[in-house]
Amino acid sequence: MADAVLFEFLHTEMVAELWAHDPDPGPGVSAEPRGEEPGAATGQNMNLSVLESVGFRVGQALGERLPREMLAFREELDVLKFLCKDLWLAIFQKQMDSLRTNHQGTYVLQDNSFPLLLPMAAGLQYLEEAPKFLAFTCGLLRGALCTLGIESVVTASVAALPGCKFQVVIQNS
Amino acid sequence: MAVCVAVIAKENYPLYIRSTPTENELKFHYMVHTSLDVVDEKISAMGKALVDQRELYLGLLYPTEDYKVYGYVTNSKVKFVMVVDSSNTALRDNEIRSMFRKLHNSYTDVMCNPFYNPGDRIQSRFVCLGRAFDNMVTSMMIPVC
């Protein structure tokens, strides 16, 4: 369907745009020769968090709109299953491949062919570039969980493209 | 037709509350506040029940001599409370349900508005932000003569 690819293009451009190095690293970085690296590093981390917070807001709205008419979430696992099935289906037209948990607040969601990583060459060639393409989706998961009442920290890891794993750690106060 | 409509966030503070202007507004605010206890009771009671499907519509929360209070909760624990005039006996359950469904749809639209920060009050001060929501609520309120 043409619809799915529209989001992929938009996402690619978002990453490209927010990743552009800020030529001025900002105050606090002195003009020493080694000053280039720390400035660049903080610039990159900041852009990842911008992407993540964009995804967070989208996830909040999706978490409001997607659940069905019934009150379907009786416990955490139900919410995670909703993420893996309904949310993933709505955005990427496929379900998550596997969901594992240690029953103590940590969940690992595994997708063996993540649509946003599919356009890149399969294997290890672009392993370093992969994380910035996952930031938005991490935020998306965190936002949806937040709307449904669960505070969490979501990180992603890639072993080999296009498969990736999202780790959700529930924050219990 | 409703006399008072309120949207309560999951932390139990009001996101939006509006009543027909001729009445004493504070009385409605108080009624909505006390109805929150009943809502919480119903939600926790539903949680313990083994019924597989629980409804979002909570039904009649409690009747007073002049008014009836109805409740509805969403999946994100945002509560809608509606106060209806008791003398209006023609209002059936189905109509209340459909009013809540319209409220829910409008609230979802507000949530998807990129200029709305979740947790803020729903105001129609900015053009279009809460204006559609406001208009929808106005269409539900009783025209007091």
Side-chain angles (χ1 to χ4, degrees), chain A residues 3 7 10-11 13-14 17-18 49-91 136 139-152 170-173, chain B residues 7-12 15-16 39-59 71-80 94 96-120 122 129-130 132-133:
Chain A
D3 302 331
F7 173 62
L10 180 66
H11 180 259
E13 284 310 308
M14 263 169 40
E17 180 63 29
L18 289 171
S49 70
V50 167
L51 260 178
E52 209 257 356
S53 49
V54 169
F56 181 75
R57 182 67 185 91
V58 174
Q60 279 186 314
L62 269 179
E64 190 69 48
R65 203 178 263 285
L66 276 186
R68 295 162 301 131
E69 281 288 315
M70 300 293 143
L71 258 178
F73 307 123
R74 216 185 307 233
E75 46 170 34
E76 257 173 30
L77 197 55
D78 286 335
V79 180
L80 267 296
K81 285 193 210 165
F82 161 77
L83 287 189
C84 293
K85 293 190 201 165
D86 299 316
L87 191 83
W88 229 242
L89 202 61
I91 308 173
F136 179 85
L140 192 74
L141 286 170
R142 190 166 69 91
L145 282 168
C146 174
T147 315
L148 297 170
I150 300 180
E151 283 271 328
S152 59
I170 313 281
Q171 310 286 296
N172 287 322
S173 53
Chain B
V7 178
I8 317 280
K10 83 173 135 191
E11 292 89 3
N12 286 336
L15 289 173
Y16 180 87
V39 172
D40 280 338
E41 214 180 278
K42 290 225 174 201
I43 298 180
S44 57
M46 278 202 298
K48 294 192 194 99
L50 294 173
V51 175
D52 204 22
Q53 284 196 337
R54 301 173 300 156
E55 279 210 315
L56 299 174
Y57 175 66
L58 299 173
Y72 182 99
V73 69
T74 67
N75 273 306
S76 51
K77 296 291 171 286
V78 166
K79 303 146 188 118
F80 301 131
N94 278 337
I96 309 268
R97 277 176 201 260
S98 72
M99 276 157 68
F100 272 127
R101 204 167 307 127
K102 279 196 295 187
L103 246 184
H104 192 178
N105 287 337
S106 293
Y107 174 73
T108 312
D109 287 337
V110 168
M111 193 63 166
C112 294
N113 186 331
F115 296 111
Y116 172 73
N117 292 319
D120 288 351
I122 302 176
L129 180 58
F133 190 80

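All values derive from a computational prediction rather than experimental measurement. Order of the sequence lines sets the chain letters (A, B, ...), proteins ahead of strands, with each chain counted from 1.
Taking CG of Leu141(A) as the start and CZ of Phe136(A) as the end, the distance is 10.5 Å to the nearest 0.5 Å.
Nearest approach of Leu80(A) to Leu145(A), heavy atoms of both residues: CD2-CD2, 4.3 Å. Closest approach of Cys146(A) and Lys10(B) over heavy atoms only: O-NZ, 2.9 Å. The nearest pair of heavy atoms linking Leu58(B) to Lys42(B) is O-NZ, 3.5 Å.
Put simply, of Leu62(A), Thr147(A), Leu148(A), Val58(A), the one with the most heavy-atom pairs under 4.5 Å next to chain B is Thr147(A). Contact count against chain B (heavy-atom pairs under 4.5 Å) is highest for Arg57(A) among Gln60(A), Arg57(A), Glu75(A).
Interface residue Arg65(A): backbone and side-chain heavy atoms are both found under 4.5 Å from chain B.
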